[in-house]
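Here is the structure we will look at, set down as C-alpha cells.
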Protein chains: 2
Amino acid sequence: MADADKTRQALLEAAYEEIYRNGFQAASLNTILERTGVTKGALYHHFSSKQKLGYAVIDEIISQKLDREWLTPIQQPGHPIDVMIGVIQLAGQQITGQQIDQGCPLNNLAQEMSPIDPGFRQRIDHLYRKWQESIEKILRDGQQAGTVKPSINPADAALFILASLEGCMGIAKNAQSIDELKRCAQGLFGYLESLRC
Amino acid sequence: MADADKTRQALLEAAYEEIYRNGFQAASLNTILERTGVTKGALYHHFSSKQKLGYAVIDEIISQKLDREWLTPIQQPGHPIDVMIGVIQLAGQQITGQQIDQGCPLNNLAQEMSPIDPGFRQRIDHLYRKWQESIEKILRDGQQAGTVKPSINPADAALFILASLEGCMGIAKNAQSIDELKRCAQGLFGYLESLRC
DNA sequence: GTGTACATACCAACCAGTATGTATGTCCTC
DNA sequence: GAGGACATACATACTGGTTGGTATGTACAC
C-alpha cells in the first residue's frame, strides 16, 4: 500500500511539472508516464481521467505550495506591512530564471482553465480566497493593533494586493526579467506603505 | 484582390475569437474554417502555419484593439489621474459577463505562450511596452504640468499600473464577477490618487 | 502562359481513454 | 493452516477521433 501511495505521489508531482510547463490542455499524459516510468493502466487506476488528475494537482500539490510559501510565513509576528514585504522579497530572492519564465502555477491554471472548466475554476477560487483571507486577516489585526490605517477596508485592500502580486508576476513572466519583477514589486511596496499607520 | 483581403481578414477575426475562447494551443484550425466557411487550402495560402496565424492575430487584431481601447483614449486632455480612472471606468462599464470570464486577450496569450514560443513573447512584449509607455508619457507630462508628484518614477509607476490592471482582470476572470473587478479597481484607483499632486 | 487564390483529399502523429490480462495480497471458511 | 473468493495495483495492447500540415488539382486574372 505504501507502494501505491508512492506511485500516486510520483504521478501528481510529474503532472504538476508537465502542467506547469505546458498548461493543462497541452500537458501530455504520455510524457507524464515516460517521466515517472509508470504505465497507463496504473495512471487510470489512480485517476479516472486527465481532468481528475488536474483537480488533484490543485488540491494537493499547489495547495501545499501556497501553504508553505505564503499562508504560513505571512503569519509570523511583526508589523503587517513589514511582514508582507519581507515574505514577498524572500520569494523574489529565491526565484530562479526558469520560474520567472513560467510564472505562478496557480495563476497559469486560472487564466487557462477558469473559462472552460467549472471544476478547475472552483478549486482555484478556493485557493485564491484562502490567500486573500490570509492578507485580510493580518491587515485587520494591524488595524486593531494600531499599525494599519483604520480608514481602509481590509478585504478590498487584500484583494488588490493579491491582484497586483499576480499582475507583477505575469508581467515579469512575459518580460522574462527578474529586474522587471523587482521594479514592479517596488510599486506594490509603495502601495503597501500607504496602508501603514 | 479585395476578395483575398476579405478572406484573410475573416480568418484573422475568426482565429482571434477561437484563440480568445480556447487559448492558442487548444484553438482548432478546423473550427476556424467551419466558422468562416473558408477551406484549408485558402488558410494555408494566406498563413504558412498555425503559428504565423497566431502572430498575425497579435500584430493586427489585438494591436488594433489596444490602440482603440487604451492608447487613443488615454491621450485625451485633462489631469492624468482623472483621465486614467475615466478610461478604466469606461472599459469597466462596457464589459460584458462573457468578457469578464474570458479575461484580457493579450494577457491570456502572454501567460500561455511566452514560456514556449519566443515569437509570441516578443510580439506581446512589444504591445505591453507600448501600453506601458503610453501611461508613462501622461505621468511625465503631468509631472511637468505640476499635476503629478515629482518624486515618483513615471516608468516604474506605469509598469505597476499596467501589472495591477492585468492582475485585477485576472482575478475577476477567475471569480467570474464584475463586482470583484470593481472592488479590485478601487484599490488601483487608491494607488493612482496617491500619485496626484 | 504564368501567378494568384483558392478547393479537395489525404496523411502521419498524437491524443485521451479502454479492454483485457495478471501478479499479489487479504480475508474468510472449513 | 489449506484453499477458494475477491480486491488491489498495476501492465500491455489497442481504438477512434482529432490535430496541424501537405500534395495535387483547378478556376481565373493579367
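Values reported hereafter were calculated over all heavy atoms of this structure, with side chains retained and with hydrogens, waters and symmetry mates removed.
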- request: Kindly say whether the aromatic ring centers of B:F160 and B:Y191 come within a distance under 6.0 Å.
  value: yes
query: So does A:T7 get a side-chain nitrogen or oxygen closer than 4.0 Å to the phosphate oxygens (OP1/OP2) of D:dC10?
result: yes
- prompt: What parts of residues 18-39 of chain B reach DNA chain C, counting only heavy atoms under 4.0 Å away?
  reply: B:T39
Please round to the nearest 0.5 Å and tell me the distance separating atom [atom1] of [X] and atom [atom2] of [Y].
| X | Y | atom1 | atom2 | answer |
| --- | --- | --- | --- | --- |
| B:M84 | B:L195 | CE | CG | 7.0 Å |
| B:E133 | B:L162 | CD | CG | 11.0 Å |
| A:L66 | A:L106 | CG | CG | 7.0 Å |

query: Please give, in whole Å, the distance from D:dG25 C1' to B:K40 NZ?
result: 18 Å
message: Just the rounded figure in Å: distance from C1' of C:dA5 to CD of B:Q9.
response: 17 Å
- line: Residue pairs passing the side-chain hydrogen bond (donor to acceptor under 3.5 Å, both in side chains) test with at least one member in residues 32-49 of chain B, sequence neighbours excluded, are B:N30-B:K40
query: A:F189 ring centre to A:K182 NZ or CZ under 6.0 Å, with the angle to the axis within 45°?
result: no
task: Under 4.0 Å from any atom of DNA chain D, heavy atoms only: list the residues of residues 42-55 of chain A that qualify, in numerical order.
output: A:A42, A:H45, A:H46
message: Side chains of A:Q132 and A:Y128 only: does a donor on one sit below 3.5 Å from an acceptor on the other?
response: no
task: Specify whether B:F120 and B:Y55 have parallel, tilted or perpendicular ring planes, treating 30° as the upper limit for parallel and 60° as the lower limit for perpendicular.
output: perpendicular
